[in-house]
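Since the structure is predicted, the reported quantities are computational estimates derived from the model, not experimental observations.
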Amino acid sequence: TDFDFGPSLKQRGRDVIDIIFDGLKVSAKLGITAALIALVSGVCLGSFAALRRNKAADKIIMVVTTAFVSMPSFIIGTLLLLLFAIKLRIFPANGTTTEGLVLPVITLSLYPMAYITRLTRSSMLDVLGQDYIRTAKAKGVSGPKVIFGHALKNSLIPVITYFGPMLAYIVTGSLVVEKIFAVPGVGRDFVNSITSRDYPLIMGTTIV
């Protein structure tokens, strides 16, 4: 007897595509928000630390960023979940609501924010020691104009270079984070497909 599996396989393929696209809508919003927060916060903290070099604020920022760089995202997510969702009950533990996305966004943004902070500080200190900065100060250019018009603009080049890999990290890191906070994104679908041995969905999410 001849068996025709064509329609069922095509239907399963359409189901997988629908699941992935629905999950990508949430994952994209989560990742882009975390990336923007990490970029803005990292640049501000790194610039502030560079301008307060070897002072108390600089040392505190460096210690905190070192801790965040050393800690995996699933550890940070679990600690935030226990503290703010279970103990303090400030945010919901379920990521299906807008309020529930706060903790996942913070979890995904902490590592890249810490890395960008250290990168910006190092680059800013290097730029502030250049000859054209000393020349601008000697000509009487105001401090804010030297910092924002010359130093910060040139110190952002390594940060812009890192922004692409940072997006890749956020997408990969969101796999476990979405599972921890029950965010209905493509990361949670990927983990669920592995535990349920759903091979078409595993292959689809892996390709994406």
**Message:** Let's go through S27 and R188 carefully: what are the C-alpha distance in whole Å and the side-chain angles of both, what is the deciding distance for side-chain hydrogen bond (donor to acceptor under 3.5 Å, both in side chains) to 0.1 Å, and is it a yes or a no?
**Reply:** CA-CA 10 Å; S27 296; R188 190 183 69 168; over 6 Å; no
**Request:** Could you pull out all residues at least two apart from T33 that satisfy side-chain contact (heavy atoms from CB on, under 4.5 Å)?
**Result:** K29, I37, V105
Between [atom1] of [X] and [atom2] of [Y], what distance do you get to the nearest 0.5 Å?
X    : Y    : atom1 : atom2 : answer
T206 : Y199 : OG1   : OH    : 12.5 Å
M166 : L108 : CE    : CG    : 11.0 Å
L79  : L103 : CG    : CG    : 11.5 Å
L24  : T205 : CG    : OG1   : 10.0 Å
E99  : I90  : CD    : CD1   : 13.5 Å

Could you check whether any side-chain heavy atom of [X] comes within less than 4.5 Å of a side-chain heavy atom of [Y], counting everything from C-beta outward?
X    : Y    : result
K25  : D22  : yes
N94  : F181 : no
V186 : F190 : no
I202 : R197 : no
I20  : L201 : yes
L175 : K179 : no
D189 : E178 : no
D58  : R121 : yes

[Y] reachable from [X] in the ILVMFWY side-chain graph, under 4.5 Å edges:
X    : Y    : value
V176 : M71  : yes
L51  : I60  : yes
L88  : V102 : yes
V191 : I75  : no
I106 : V40  : no

**Item:** Test ring-ring contact (aromatic ring centres under 6.0 Å, His included) applied to Y115 - qualifying residues, sequence neighbours left out
**Value:** Y162
If only atom types and distance count, is the side chain of [X] paired as donor or acceptor with the main-chain N or O of [Y] below 3.5 Å?
X    : Y    : answer
S109 : A34  : no
S123 : L119 : no
D126 : S122 : no
T65  : M62  : yes

Nearest heavy-atom pair of [X] and [Y]: which atoms, and what distance?
X    : Y    : result
F74  : I180 : O-CD1, 3.7 Å
A38  : I116 : O-CD1, 3.9 Å
S47  : M124 : OG-CE, 3.5 Å
A114 : F68  : CB-CB, 3.8 Å
V183 : G95  : CG2-CA, 4.0 Å
Y111 : V69  : CE1-O, 3.4 Å

**Candidates L81, V26, V177, L80 - the one meeting side-chain contact (heavy atoms from CB on, under 4.5 Å) with P104** = V177
**Request:** Consider only side-chain N and O atoms of K59 and N54, and report whether a donor and an acceptor are under 3.5 Å apart.
**Result:** no
**Request:** In sequence, state the C-alpha distance, the side-chain angles, and the governing distance for F163 and V159, and then conclude on side chain to side chain contact (heavy atoms under 4.5 Å, CB included).
**Result:** CA-CA 6 Å; F163 192 77; V159 177; 6.0 Å; no
